[in-house]
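Working notes, structure below.
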Amino acid sequence: MSMDPNQQHTSATHPIEPRPLTRRRFLAGAAGLQVGVLLSRLEPATWRIGRPGDGAVAATESALQQAGDALGTFVRVDPAGVCTVIVPKPEIGQGVRTSLAMLVAEELEVDWEDVRVEQAPAGDQYGGQTSSGSGSVRQTWEPLRTAGATARTMLVAAAAARWGVDAGACTAALGVVRHAASGRSLGYGALAEEASQLPIPATSSIRLKPRSEWTIIGQSKARVDNPDVVRGSATFGMDVRLPGMRFAVVARPPAFDARLEDYDETAARAVPGVIDVRPVSSGMAVVATSTWAAIQGRVALDARWSAGPHADLDDAS
């Protein structure tokens, strides 16, 4: 099971040095996620397969009501049988590109070597795309497994329809549907288009694999994005560059409820590249033409804070 990073970002320097209180204890968990797969033709060479995960937790239902029809597409199969899993949670070092793809792949019944992973782009259709409190696996445990199992069910149904046999007489394993009685078999790639046209089965008819049948969940797998991380080609939010883009950093209080008493705006604005200094709800923001300029402007800001009522707050208290 993956863990979310416990990382504090500090900014202003101040003589108060409270003992650290972990951010994790103040997080109640990420927003709910309505996970699903939308049946639709993607392009001639690849098809999306699956259904919404109706078994999501109550927080998921709340998020869905707020976001409207918050459905996403999480399984894609190409004619070669390569299965692409779209991961909705952000990768910030905790390994969700691997762990969440494993949930789908387990129920989809595919060879892990035939799985490819893509990070979902920002969009309401992917549900709550937040990561905190080690909640990514917990929140998507049933929905993503349901998405994989539904895709598997539809692939089996497509094969049974082509052969004119009962779907219950067919089995799926390692990306292949087989009919033991006749000895026939078809790979997922050959069935993907037909499966994508079938009615979405009811959630009540979807069978999730029991623990005794797991072959991927619980196993040690190399992280799928390690090569990209090592090569520096992995893309994160901070990698985005847009025309005319500006960068901001925030001088934050060193303790909860500490108040900003003084700062040197003139010195901050004198830093080459700094274009604005303004108060925000979490402190004082410095806006610049580059990250480095913003950071140097924050240093020059020399923000000074009151002690506040929680300066000595620590884990024990």
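- Distance check, rounded to the nearest 0.5 Å: OG of Ser99 to CD1 of Ile217 gives 10.5 Å.
- Across all non-hydrogen atoms, the minimal contact from Leu144 to Val104 is O-CG2, 3.6 Å.
- Between Val165 and Arg184, some side-chain heavy-atom pair lies under the 4.5 Å cut-off.
- Side-chain N or O atoms of Arg246 include one that pairs as donor or acceptor with a backbone N or O of Gly244 at under 3.5 Å.
- Atom CZ of Arg278 sits in a sparse spot, with 12 or fewer heavy atoms from other residues, nucleotides or ligands closer than 6.0 Å.
- The shortest side-chain heavy-atom distance between Thr98 and Val117 does not fall under the 4.5 Å cut-off.
- At least one donor-acceptor pair closer than 3.5 Å links the side chain of Ser306 to the backbone N or O of Arg259.
- Val75 and Trp112 fall within the same hydrophobic cluster, defined by Ile, Leu, Val, Met, Phe, Trp and Tyr side-chain heavy atoms under 4.5 Å apart, directly or through other members.
- Distance alone, capped at 3.5 Å, places no donor-acceptor pair between the Arg269 side chain and the Val274 backbone.
- Transitive grouping of hydrophobic side chains (ILVMFWY, heavy atoms separated by less than 4.5 Å) keeps Val82 and Leu174 in distinct clusters.
- By the 30° and 60° cut-offs, the orientation of the rings of Trp163 relative to His179 is tilted.
- Here Leu103 contributes atom CG and Glu142 contributes atom CD; the two are 11.5 Å apart, rounded to the nearest 0.5 Å.
- For the pair Gln94 (side chain) and Ser132 (backbone), a donor-acceptor distance under 3.5 Å is absent.
- Proximity of a side-chain donor or acceptor of Glu118 to a complementary backbone N or O of Ile86 within less than 3.5 Å is not detected.
- Atoms OG1 and CD1, from Thr150 and Ile200 in turn, are 8.5 Å apart once rounded to the nearest 0.5 Å.
- Side chains of Leu313 and Phe256 form a contact here, defined as non-hydrogen atoms less than 4.5 Å apart.
- In this structure, Arg76 does not pair ionically with Asp78, as no charged nitrogen and carboxylate oxygen lie closer than 4.0 Å.
- Residue Arg207 holds its CZ atom at 6.5 Å from CZ of Arg152, rounded to the nearest 0.5 Å.
- With hydrogens and angles disregarded, a donor-acceptor distance shorter than 3.5 Å links the side chain of Gln119 to the backbone of Lys89.
- Two different hydrophobic clusters hold Trp292 and Phe247 under the rule that ILVMFWY side chains link at heavy-atom gaps under 4.5 Å.
- Of the possible polar contacts, one joining the Tyr188 side chain to the Glu109 backbone as a donor-acceptor pair under 3.5 Å is found.
- With respect to Glu107 and Lys209, no salt bridge is recorded, no charged nitrogen being found less than 4.0 Å from a carboxylate O.
- The distance from the CH2 atom of Trp214 to the CE atom of Met102 is 10.5 Å, given to the nearest 0.5 Å.
- Residues Val299 and Trp305 are members of separate hydrophobic clusters, defined by side-chain heavy-atom contacts under 4.5 angstrom among Ile, Leu, Val, Met, Phe, Trp and Tyr.
- Rounding to the nearest 0.5 Å places OG of Ser317 at 10.0 Å from NE2 of His310.
- A donor and an acceptor atom, one from each side chain of Thr171 and Arg178, are nowhere located under 3.5 Å apart.
- Between the side chain of Glu91 and the main chain of Gly93, a donor-acceptor pair closer than 3.5 Å is present.
- Using a distance-only test at 3.5 Å, with no hydrogens or angles considered, a donor-acceptor pair links the side chain of Arg116 to the main chain of Glu113.
- Considering only heavy atoms from C-beta on, Leu100 stays 4.5 Å or farther from Val85 through its side chain.
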Next item on the list: Could you please spell out the steps behind the side-chain contact (heavy atoms from CB on, under 4.5 Å) verdict for Leu108 and Cys83?
Entry: CA-CA 9 Å; Leu108 186 56; Cys83 301; 3.9 Å; yes
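- Contact of the Val77 side chain with the Leu191 side chain is not registered, since no non-hydrogen atoms from C-beta on lie closer than 4.5 Å.
- Smallest separation of non-hydrogen atoms from Pro88 and Ala120: CA-CB, 3.9 Å.
- Hydrophobic clustering keeps Val287 apart from Ile295 (ILVMFWY residues linked when any side-chain heavy atoms are closer than 4.5 Å, directly or through intermediates).
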